[in-house]
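The residues of the chain are indexed from 1 along the displayed sequence.
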Amino acid sequence: MKNFTLARALTAALITLSIAGVPKVALADIKDYEFELVEPTVQAGADKIVTVRLVNKKTGKRVPDAVIFASRLDMAPEGMQEMVTKVTQMPETEPGTYRFKANLSMAGRWQLSLGAKVQGETGTVESKLVVTVQR
Ligand SMILES: [Cu+2]
């Protein structure tokens with residue numbers, strides 16, 4: 001009976017130890033990722049390219065092969081939310097760098113809103129970037 005109690009106590013202690021000792025797995029968080037503009041200023045005109053890169057803020061590394069499922073370019077920063085231009089994603093030539101073609105007919109600040117999935121991560125990256133279009 002005494003041995004039985006000791007064994008139980010030991011088992012309990014071991015279970016407690018193993019729970020406390022579970023290593024914290026270093027999982028990346030979707031919030032660690034963000035898009036940033038490569039060039040903050042773009043010339044006005046048809047078929048202009050806006051280039052952004054996706055970075056992991058913790059590692060500073062560029063993140064390739066993200067799936068961009070939502071993109072919108074409008075003049076919300078100038079109070080013209082209704083002024084929307086079509087955005088066409090171009091092929092990813094440089095890993096982690098994403099390019100979008102758009103008609104930027106009006107000078108001023110345009111907002112590029114992006115929604116993306118990162119390979120191997122749950123959740124979505126959502127970024128709003130303000131591009132200044134100059135004549
Ligand atoms: Cu406008």
Side-chain angles (χ1 to χ4, degrees):
M1 194 67 178
K2 200 178 175 190
N3 282 342
F4 179 72
T5 309
L6 183 63
R8 278 189 59 159
L10 269 173
T11 305
L14 282 172
I15 289 168
T16 306
L17 270 176
S18 67
I19 291 168
V22 169
K24 302 230 169 11
V25 181
L27 284 175
D29 191 283
I30 198 72
K31 287 181 173 60
D32 294 339
Y33 298 90
E34 75 178 3
F35 284 100
E36 50 187 42
L37 287 169
V38 172
E39 297 282 345
T41 303
V42 177
Q43 283 298 116
D47 293 342
K48 292 297 171 184
I49 302 288
V50 176
T51 308
V52 303
R53 58 182 157 240
L54 179 60
V55 292
N56 180 327
K57 289 184 279 181
K58 282 212 173 133
T59 62
K61 286 188 178 153
R62 292 191 193 186
V63 182
D65 304 320
V67 178
I68 295 162
F69 64 87
S71 58
R72 179 187 161 100
L73 190 56
D74 62 45
M75 286 198 82
E78 301 285 0
M80 290 182 271
Q81 290 87 344
E82 71 286 352
M83 192 170 171
V84 184
T85 192
K86 189 172 162 253
V87 181
T88 306
Q89 190 181 355
M90 306 300 284
E92 189 183 341
T93 48
E94 200 183 321
T97 299
Y98 303 85
R99 298 175 305 138
F100 303 92
K101 189 172 74 179
N103 288 332
L104 298 166
S105 53
M106 190 179 187
R109 287 169 297 150
W110 291 75
Q111 179 172 265
L112 177 62
S113 305
L114 296 172
K117 294 277 183 195
V118 175
Q119 304 293 329
E121 299 288 352
T122 52
T124 60
V125 182
E126 283 173 45
S127 294
K128 289 187 191 296
L129 305 166
V130 177
V131 188
T132 300
V133 175
Q134 288 184 334
R135 280 271 162 230

So, the side chain of [X] versus the backbone of [Y]: is there a donor-acceptor pair under 3.5 Å, distance only?
{"X": "N103", "Y": "D47", "result": "yes"}
{"X": "Y98", "Y": "A66", "result": "yes"}
{"X": "R53", "Y": "F35", "result": "no"}
{"X": "S113", "Y": "K128", "result": "no"}
{"X": "R109", "Y": "P77", "result": "yes"}
{"X": "E36", "Y": "L54", "result": "no"}

Check the pair V42, T132 against side chain to side chain contact (heavy atoms under 4.5 Å, CB included), reporting the backbone distance first and the verdict last. CA-CA 6 Å; V42 177; T132 300; over 6 Å; no
Shortest non-hydrogen contact from [X] toward [Y]:
{"X": "L37", "Y": "V130", "value": "CD1-O, 3.1 Å"}
{"X": "M106", "Y": "V133", "value": "O-CG1, 3.6 Å"}
{"X": "R72", "Y": "Q81", "value": "NH2-O, 2.9 Å"}

Pair E94 + R62: basic N to acidic O under 4.0 Å: yes
Does a salt bridge link K58 with D32, judged by any charged N lying under 4.0 Å from a carboxylate O? yes
Mind checking what makes salt bridge (Lys or Arg N to Asp or Glu O under 4.0 Å) contact with K61, not counting sequence neighbours? none
Does S71 reach the side chain of Q89, with side-chain heavy atoms less than 4.5 Å apart? no
Test log, rule side chain to side chain contact (heavy atoms under 4.5 Å, CB included), inputs T122 and I30: CA-CA 7 Å; T122 52; I30 198 72; over 6 Å; no
Within 6.0 angstrom of K86 NZ, more than 12 heavy atoms from elsewhere: no
